[in-house]
2 protein chains.
Amino acid sequence: MSKQDLVVLGQDGAEGCCPGLLTAPLDEAQSVELAKVFKALGDPIRLRLLSMIASRAGGEVCVCDLTPAFELSQPTISHHLKLLRQAGLIDCERRGTWVYYWLLPEMTDRLAGILTRPAGEPRPDRTTTTDVS
Amino acid sequence: MSKQDLVVLGQDGAEGCCPGLLTAPLDEAQSVELAKVFKALGDPIRLRLLSMIASRAGGEVCVCDLTPAFELSQPTISHHLKLLRQAGLIDCERRGTWVYYWLLPEMTDRLAGILTRPAGEPRPDRTTTTDVS
DNA sequence: GACCTGTATCGATGTCCTTCAATTCAAGGT
DNA sequence: ACCTTGAATTGAAGGACATCGATACAGGTC
């Protein structure tokens with residue numbers, strides 16, 4: 001149940017540090033992979049689930065603590081958790097009768113990096129239109 | 001055409017620095033607003049559009065440079081640009097016959113911050129299960 | 001073994017989203 | 001005024017997604 005079909009999202013990590021999204025045009029394959037992760041974040045229920053999981057002291061949460069926090073059926077919550085897991089944002093483990101989820105910070109770190117523009121960016125202020133070429 | 005219906009997404013910026021998503025459970029209203037932005041990023045075409053706009057030297061791109069980069073109809077590209085704009089990720093301006101788009105770095109900065117966990121996080125290593133109460 | 005509890009999967013349904021062709025709108029040029 | 005070009009809007013069609021009830025599965029307990 002653990003490493004089922006986690007999104008790949010490029011094994012860069014090696015070649016420097018993340019192409020960036022804000023620094024160079026994304027190619028088609030990259031954009032498809034990245035979009036899967038952002039799509040997983042593009043739902044209020046999943047965002048709340050993720051934040052509940054991520055902010056939990058101890059690092060993990062039992063599903064039985066998540067489900068009653070929403071006015072949704074148990075299958076629906078289970079489905080959302082599955083999507084977050086398939087996006088590589090969380091992982092889970094069964095312990096006895098209960099299933100525990102935890103954050104995979106590698107993925108949120110990667111996203112944060114992708115959305116961060118290079119430090120020295122000369123602020124494309126507009127109105128100053130650098131007019132390159 | 002500029003400031004039409006940009007998502008609000010909390011006027012925090014003042015109260016410290018971004019609640020975080022990874023540090024505390026998101027409330028319902030926050031999650032709805034945030035989800036709108038992530039949903040806008042949850043499409044490969046929009047990600048490529050955004051990266052083409054953001055990475056452009058000079059800070060802005062003419063629609064006429066974006067449309068031919070995709071095998072999609074002009075109305076479809078226009079629709080995706082509209083969604084990105086409504087999410088507060090980009091803005092645009094007409095100059096003569098052409099319309100130019102540019103990145104609103106405030107929003108990507110905010111997202112990056114939201115996805116960044118506090119520095120000193122004691123790495124919830126799991127298997128070490130801190131077992132708080 | 002039979003039973004109970006917690007969780008995941010299945011199938012169906014209604015809604016939202018992506019996409020297009022057709023049209024409209026904006027701004028210049030003739 | 002008319003025409004042309006670039007871009008946004010409209011309306012419709014198809015597919016994807018969120019949600020549910022019913023069901024299956026996993027691990028305990030008796």
Side-chain angles (χ1 to χ4, degrees), chain A residues 1-7 28 31-32 35-50 52-53 60-87 90-102, chain B residues 1-7 28 31-32 34-50 52-53 60-87 89-102:
Chain A
M1 178 191 274
S2 268
K3 52 189 66 175
Q4 185 169 304
D5 34 10
L6 302 181
V7 125
E28 214 167 320
S31 66
V32 169
K36 288 179 188 171
V37 186
F38 282 125
K39 190 174 298 183
L41 294 174
D43 181 278
I45 304 298
R46 287 195 290 273
L47 278 182
R48 289 176 61 196
L49 283 169
L50 186 68
M52 290 177 71
I53 295 170
E60 52 184 33
V61 195
C62 175
V63 174
C64 61
D65 288 331
L66 296 173
T67 306
F70 300 85
E71 297 197 344
L72 291 172
S73 70
Q74 173 268 321
T76 299
I77 299 299
S78 186
H79 173 243
H80 284 305
L81 288 171
K82 182 181 184 179
L83 292 187
L84 286 173
R85 191 158 53 80
Q86 289 180 334
I90 59 177
D91 201 359
C92 67
E93 181 185 52
R94 173 180 285 272
R95 282 208 285 283
T97 311
W98 297 277
V99 176
Y100 293 83
Y101 280 82
W102 59 86
Chain B
M1 177 192 273
S2 268
K3 50 191 64 175
Q4 184 168 305
D5 34 11
L6 302 180
V7 125
E28 214 168 321
S31 66
V32 169
L34 238 194
K36 288 180 189 170
V37 186
F38 282 125
K39 190 175 297 181
L41 293 174
D43 180 279
I45 304 298
R46 287 195 290 271
L47 278 181
R48 288 177 62 197
L49 283 169
L50 186 68
M52 289 176 72
I53 294 171
E60 51 183 34
V61 196
C62 176
V63 174
C64 62
D65 288 331
L66 295 173
T67 306
F70 301 85
E71 297 196 343
L72 291 172
S73 69
Q74 174 267 322
T76 298
I77 299 298
S78 186
H79 173 243
H80 284 305
L81 289 171
K82 182 182 185 180
L83 292 186
L84 286 172
R85 192 159 52 82
Q86 290 181 333
L89 287 159
I90 59 177
D91 201 359
C92 66
E93 182 185 52
R94 174 180 285 272
R95 280 209 284 283
T97 312
W98 298 278
V99 176
Y100 293 83
Y101 280 81
W102 58 87

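Naming convention: chains lettered A, B, ... in sequence-line order (proteins, then strands); numbering from 1 in each chain.
In this structure, B:His79 atom NE2 and C:dT23 atom P are separated by 21 Å, rounded to whole Å. Atom CG of A:Asp43 is separated from atom C1' of D:dT19 by 11 Å (rounded to the nearest Å). As a whole-Å value, the separation of B:Gln74 CD from D:dT10 P is 14 Å. Residue B:Gln86 contributes atom CD, which lies 12 Å from atom P of D:dA8 at whole-angstrom precision. Between B:Glu60 atom CD and D:dA7 atom P there is a gap of 13 Å when expressed in whole angstrom units. Nucleotide D:dA18 holds its P atom 12 Å from the CG atom of A:Leu47, rounded to whole Å. For A:Lys82 and C:dC10, the NZ to P distance is 7 Å, given to the nearest whole Å. As a whole-Å value, the separation of A:Leu84 CG from C:dA8 P is 12 Å.
The residue A:Leu83 sits close only to the backbone: its heavy atoms come under 4.0 Å of sugar-phosphate atoms, none of a base. B:Ile77 comes within contact range of no nucleotide atom at all, as no heavy-atom separation falls under 4.0 Å. Residue contacts for A:Leu81: at a heavy-atom cut-off of 4.0 Å it reaches no nucleic acid atom on any strand shown.
Dashed line: the shortest gap from a side-chain N or O of B:Arg94 to OP1 or OP2 of D:dG6 is not under 4.0 Å. Note on B:Ser78: a side-chain N or O is less than 4.0 Å away from OP1 or OP2 of D:dA8. One finds no side-chain N or O of A:Tyr100 lying less than 4.0 angstrom from the OP1 or OP2 phosphate oxygen of C:dG6. Taking side-chain N and O atoms only, A:His80 has no distance below 4.0 Å to OP1 or OP2 of D:dC17. Between A:Thr76 and D:dT19 there is no side-chain polar atom (N or O) within less than 4.0 angstrom of OP1 or OP2.
Here the nucleotide nearest the side chain of A:Cys64, chosen from C:dG28, D:dA7, C:dG6, is C:dG6. Closest to the side chain of A:Val99, from the set C:dA8, D:dT5, D:dC20, is C:dA8.
Between the A:Thr67 side chain and the A:Cys64 main chain, no donor and acceptor come within less than 3.5 Å of each other. Judged purely by atom type and a 3.5 angstrom limit, B:Arg46 uses its side chain to pair as donor or acceptor with the backbone of B:Lys39.
Between the CG atom in A:Asp43 and the CG atom in A:Leu49 there is a gap of 8.5 Å [rounded to 0.5 Å].
With DNA chain D read from its 5' end, the first of the two nearest nucleotides for A:Lys39 and B:Pro75 is the one closest to B:Pro75. Along DNA chain D, the nucleotide nearest to A:Glu71 and the one nearest to A:Gly96 differ in position, and the one closer to the 5' end is contacted by A:Glu71.
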